[in-house]
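Predicted, not measured: the structure shown is a model, and the values here were computed from it.
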Amino acid sequence: MTEIPAVLVVQQEDAAGPGIVGAALAAEGLRLDVRHPWRGEPLPEHLGGVSGLLVLGGAANCDDDTTAPWLPSVRALVRQAVDTEVPLLGICLGAQIMASALGGRVRPRAEGAEGTGTQAETGGVGGQAGRPPEVGVVPLRRLPDVASDPVLCGVPEGAPAAQWHWDDIVALPPGATPLLTGDACEHQAFRIGRVAWGVQFHPEVTGVDVAAWAASDGPAVRKAGADPDAAVAQVRAAEPELRTLWTATTRAWAAQVRAAHRPND
C-alpha cells in the first residue's frame, strides 16, 4: 500500500483552522496531522515522516513567547523545514514567524511605515501615528519573480486576498524572494529557498471565519480606525472567487509536498 504524504498543521488558536487550504490539501490526497499547541498538544521535535509543514495564523505577536509559549517550537520546525527542504507554507502569523525566525523583521502596524514602501496612515491604536490593522479584501500586485514561482505563478494581477492582521513583515529574511505585494502592506507573499512560502493574507478563510473574528476583535479594530463590518461583507461577497483562486494555489503547493514525499522516511 502506498503511504499517504502527511502535512503537519500547526493551528495556533481555536477560530483559525486550515479551512479552504485544508480542504484542498485533503482533496489532493494528503493526510493532515493537525496540532493544537494552545490546548497543550505537543509539537514534534523533528519533521521525520512529514512531507509538508503548514503554519496557520493567530492573534499573538510572532515573538511573544509569554502569550504563546509554543512559539519556540514552531520556530525550530520552520528552520528545520527550510534547512531540509520540507515544503513549508506560513499563513499570516505563520509567515511572520518565518520572517522573524530566519532573520527578517516584524512590527505592529500601529508603529507606522518606517521606510517599508507602504503608505503611512493615522489612527493607530491609542491615537498613535501609524496604520490601522489591514482587514477585509484587498487586491494583490504581482512582482517580477512570481512569474517563475511554482506555487504562486497563477495568481493574477489584482487577485483578491482576505486580510486580518495587526502586524506587518517590514523586512524579509536575507535571500528571500518577494512575490506579491499590496498598496497598504509591502510583503504579501515571499519564498525562502526552493520550497518555503509565506503569505501575509488568509487564503484559508471564509466569510464565516471573518465574521467570528469581527465578533471578538471588532471593537479593537474599529477603535484603531478600520471597519470590521465592511471587512466581513467584503469577504462574503468575494468568497466564491476566493475559494476558486486559493484552492488552485493550494493544489500547486500540494504538488510540492507530493514531490518531496519520501516513503518510510
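- Contact of the W197 side chain with the L179 side chain is registered, since non-hydrogen atoms from C-beta on lie closer than 4.5 Å.
- Interatomic distance, CZ of R105 versus OG of S100, reported as 10.5 Å (0.5 Å rounding).
- Every side chain to side chain donor-acceptor pair (under 3.5 Å) that T206 has, sequence neighbours left out, goes to D209.
- Hydrophobic clustering (side-chain heavy atoms under 4.5 Å, transitive across Ile, Leu, Val, Met, Phe, Trp, Tyr) groups L77 together with V50.
- Shortest non-hydrogen contact noted between P87 and S51 is CD-O, 3.3 Å.
- Under the 3.5 Å distance criterion, the side-chain polar atoms of W213 are matched with a main-chain donor or acceptor of A15.
- Applying the ring pair (Phe, Tyr, Trp, His ring centres under 6.0 Å) test to F201 and every residue at least two apart in sequence or in another chain returns W246.
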Is there a side chain to side chain contact (heavy atoms under 4.5 Å, CB included) between L93 and Q12? Walk through the geometry before answering. CA-CA 9 Å; L93 173 58; Q12 308 201 68; 3.6 Å; yes
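- Shown here for L53 and V7, the closest heavy-atom pair between the two residues is N-CG1, 4.4 Å.
- Expressed to the nearest 0.5 Å, how far CD1 of I97 lies from CG of L71 amounts to 5.0 Å.
- Between the E204 side chain and the P18 main chain, no donor and acceptor come within less than 3.5 Å of each other.
- Side-chain atoms of R194 never come within 3.5 Å of backbone atoms of E85 as a donor-acceptor pair (strictly under, hydrogens ignored).
- Two residues are said to be in side-chain contact when any heavy atoms from C-beta on lie closer than 4.5 Å; R35 and W70 fail this criterion.
- The shortest distance between side-chain heavy atoms of T67 and N61 does not fall below 4.5 Å.
- Between L43 and V74 the shortest side-chain heavy-atom distance falls below 4.5 Å.
- Here the shortest heavy-atom pairing between P133 and A224 reads CD-CB, 3.6 Å.
- Considering only heavy atoms from C-beta on, P203 comes within 4.5 Å of I91 through its side chain.
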Side chain to side chain contact (heavy atoms under 4.5 Å, CB included) evaluation trace for D229 with R222: CA-CA 9 Å; D229 298 324; R222 192 173 289 107; 3.1 Å; yes
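- When the side chain to side chain donor-acceptor pair (under 3.5 Å) test is applied to W164, the partners found at least two apart in sequence or on another chain are D217.
- In this structure, R142 contributes its side chain and V155 its backbone to a donor-acceptor pair below 3.5 Å.
- L242 and A162 make their closest contact through CD2-N, 4.2 Å (heavy atoms, listed as atom of the first residue, atom of the second, distance).
- The CZ atom of R258 sits 5.0 Å away from the CD atom of E28 when rounded to the nearest 0.5 Å.
- V138 and L180 fall into different hydrophobic clusters, where Ile, Leu, Val, Met, Phe, Trp and Tyr are joined by side-chain heavy atoms under 4.5 Å apart, directly or via other members.
- Partners of D14 under the side chain to side chain donor-acceptor pair (under 3.5 Å) rule, at least two apart in sequence or in another chain, do not exist in this structure.
- Panel note: side chain Q188, backbone R141; no donor-acceptor pair is recorded below 3.5 Å.
- Judged by distance alone, with hydrogens and angles left aside, the side-chain atoms of Q80 form a donor-acceptor pair with the main-chain N or O of L47 at under 3.5 Å.
- Formation of a donor-acceptor pair under 3.5 Å by the H165 side chain with backbone atoms of D167 is found in this model.
- Pairs engaging residues 147-166 under the salt bridge (Lys or Arg N to Asp or Glu O under 4.0 Å) rule: D149-R191 [sequence neighbours left out].
- Checking side-chain atoms of R109 against main-chain N and O of W166 turns up no donor-acceptor pair under 3.5 Å.
- Each of I169, V199, T177, D145 was checked for a side-chain contact (heavy atoms from CB on, under 4.5 Å) with F190, and the lone residue meeting it is I169.
- Taking hydrophobic clusters as Ile, Leu, Val, Met, Phe, Trp and Tyr residues chained together by side-chain heavy-atom distances below 4.5 Å, V34 does not share a cluster with I20.
- Here Q200 contributes atom CD and D168 contributes atom CG; the two are 6.0 Å apart, rounded to the nearest 0.5 Å.
- Remark: D63 CG to D65 CG distance equals 7.0 Å, nearest 0.5 Å.
- Summarising the geometry of P228 relative to G218, their closest heavy-atom pair is CG-O, 3.7 Å, with the distance given to 0.1 Å.
- Annotation: side chain to side chain donor-acceptor pair (under 3.5 Å) contacts of R31 (sequence neighbours excluded): none.
- In this structure, E41 places its CD atom where more than 12 heavy-atom neighbours from other residues, nucleotides or ligands lie under 6.0 Å away.
- Judged purely by atom type and a 3.5 angstrom limit, E239 uses its side chain to pair as donor or acceptor with the backbone of G207.
- Nearest approach of C153 to A147, heavy atoms of both residues: CB-O, 3.6 Å.
- Within the model, atoms CG of L56 and NE2 of H202 stand 9.5 Å from one another, a figure rounded to the nearest 0.5 Å.
- Counting only distance, with no hydrogens or angles, the side chain of R75 and the backbone of C62 share a donor-acceptor pair below 3.5 Å.
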Starting from the C-alpha separation in whole Å, work towards a yes-or-no answer on side chain to side chain contact (heavy atoms under 4.5 Å, CB included) for L8 and V86. CA-CA 11 Å; L8 176 66; V86 171; over 6 Å; no
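- Taking 4.5 Å as the limit, every side-chain heavy atom of P160 sits out of range of all side-chain heavy atoms of Q234.
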